[in-house]
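Because the structure is predicted, anything quoted here is derived from the model rather than measured. Numbered from 1 within each chain, the chains take letters A, B, ... in sequence-line order.
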Number of protein chains: 2
Amino acid sequence: MVLRLSKLTDYAVVVMARLARDGALPEGRVQTAPGLAQATGIAEPTVAKVLKILGQAGLVEGLRGARGGYRLTRPLAAVPLSEVIVAVDGPIALTACVDGGQGQCEAQSICAVRGRWDPVNDAIRRALSDITLADLAGPARCGSAPVFAQLVAE
Amino acid sequence: MVLRLSKLTDYAVVVMARLARDGALPEGRVQTAPGLAQATGIAEPTVAKVLKILGQAGLVEGLRGARGGYRLTRPLAAVPLSEVIVAVDGPIALTACVDGGQGQCEAQSICAVRGRWDPVNDAIRRALSDITLADLAGPARCGSAPVFAQLVAE
DNA sequence: CCTAAATAGGACCAATGGGGTCCCCTTTGA
DNA sequence: TCAAAGGGGACCCCATTGGTCCTATTTAGG
C-alpha cells in the first residue's frame, strides 16, 4: 500500500483526540503520558514519544514536574491534519527527488519527470490542510467502536 | 518523509514516458526491456520487473518472442497517475485500518478515529486521478535535465 | 527444424528506515 | 527531600521494499 501514513502519526491523532477531552490552553487540565497510554491502549513509551514530538512542534504543551502532564495548545478544529503529519513524519512529498530536489538523484541527468511532481504534492497538501483533527475526531459516528464516545464525545 | 511514493512507481512513470515515444496500440512499435533500461538509465532487471507489473495491470502490452517488446495500451493522457500507483504499490490509503477496515486493528475497540479517514483518502485519490502521465511527462520544462528532451519530446 | 531473442512468472537476498523500548537528566509539587 | 512527571536522545529489531536471478514459454528467422 502506498501513501502509508506512519503509525506514529496515527497515534498522534488518537492521542490528541483524547487530550481534547480536557480542553486546550489556557484553562485545559493536563493529562499524563501514562494516563493517556491507558486511555488509548497505546504502549506508554510510544505515547511518551509521540507527545514529545508533538510538544516540539507546538501542538501540545508539556508541564514538567509532579502533577505535570500535557494539554493541547489549540482546539482540535484549529489543527489541520497536515500539521500533525509534518510534525511527526516530516515534509509531505511523494518522492525524494522532489521540490527543488537538490538532493542528488543518481538518475538526475536522465530523469524524465524531474520537477513535475509539484502539482501533485500541492494537491495532496491542500487536501490534508483542509481537514482538521476535529473532522477526524468529530461528532460520534462509529458503528463498530462504542468506546469512541468515551474517548471523544464525553 | 511521509507519503513516500515507492521507487518502483517512479520508475514506472519514467518507463511509460519513454514508451510513449513509439506510440500506443495499435500502431505503436514495441521497445524491449533492455532497450528501455539503457534509454532510462534504470537497471535492466528492474525495468523488466516494472514492465511485468504494468503488463498485468493492462497499462502496457507485452509481445513475446523474438522481435518482441512492450508498448502502451493507451496514450499517456489517458492514464491517470492513480492507476499507475495502484498497479505498482497497491491500494491508495493512508492507514491500514481504513476503508471498511475488516482487517483486525488491535486497538479497534478503543480507536477514536476509526472509519474517519475516508474523506482524506478520497481527497487524495481524487488529486491523483486528476493528473495524467501526460501532465508529468508533458511539454518540456526541465532546467537541470536537458536529456529530458531526448526522452520525451523527441 | 533449430536457434536466438524476448517476455512471463516467481523465488530469493540484502538493506533501509521506522516502530518500539529504555536510559538518564531536569523540573516541580507535596 | 522525595517522588512524579516531562525532555532528550541512544539503541535494537524487524518488516517492507528494492533489486537480482533463474526457469519456462513464445516467436521470428535462417
Nearest-nucleotide wise, let me know which of A:Gln56 and B:Thr46 is further upstream toward the 5' end of DNA chain D. A:Gln56
Please tabulate, for side-chain N and O atoms in residues 58-70 of chain B, each donor-acceptor pair with protein atoms closer than 3.5 Å (sequence neighbours left out).
unit_1, atom_1, unit_2, atom_2, d
B:Glu61, OE1, B:Arg71, NE, 3.1
B:Glu61, OE1, B:Arg71, NH2, 3.3

Rounded to whole angstrom units, what separation is found between the CG atom of B:Leu51 and the P atom of C:dA6? 13 Å
Between the base of D:dG19 and the side chain of B:Lys49, is there a donor and acceptor pair under 3.5 angstrom? yes
So do B:Val50 and B:Leu8 actually touch side chain to side chain, heavy atoms under 4.5 Å? yes
5'-most contact on DNA chain C (nearest-nucleotide basis), B:Glu44 vs A:Ala43, goes to B:Glu44
For D:dG18, take OP1 and OP2 only and decide whether either is under 4.0 Å from a side-chain N or O of B:Ser6. yes
Does A:Ser82 offer a backbone N or O that forms a donor-acceptor pair with the side chain of A:Arg125 under 3.5 Å? no
For A:Arg21, is there any backbone N or O sitting under 3.5 Å from a side-chain donor or acceptor partner on A:Gln31? no
Which residue lies more 5' along DNA chain D, comparing B:Lys52 with B:Leu8 via nearest heavy atoms: B:Leu8
Over all strands shown, is A:Ala33 touching base, sugar-phosphate only, or nothing at heavy-atom distances under 4.0 angstrom? sugar-phosphate
Is any side-chain heavy atom of B:Val13 less than 4.5 Å from a side-chain heavy atom of B:Leu81? yes
What integer distance in Å separates A:Gln31:CD from D:dG6:P? 11 Å
A:Ile124 side chain near B:Leu128 side chain, heavy-atom distance below 4.5 Å: yes
Heavy-atom donor-acceptor pair, B:Lys7 side-chain to D:dG18 base, under 3.5 Å: no
What are the residues of residues 59-71 of chain A, sorted by number, that bring a heavy atom to within less than 4.0 Å of DNA chain D? A:Gly62, A:Leu63, A:Arg64, A:Gly65, A:Ala66, A:Gly68, A:Gly69, A:Tyr70
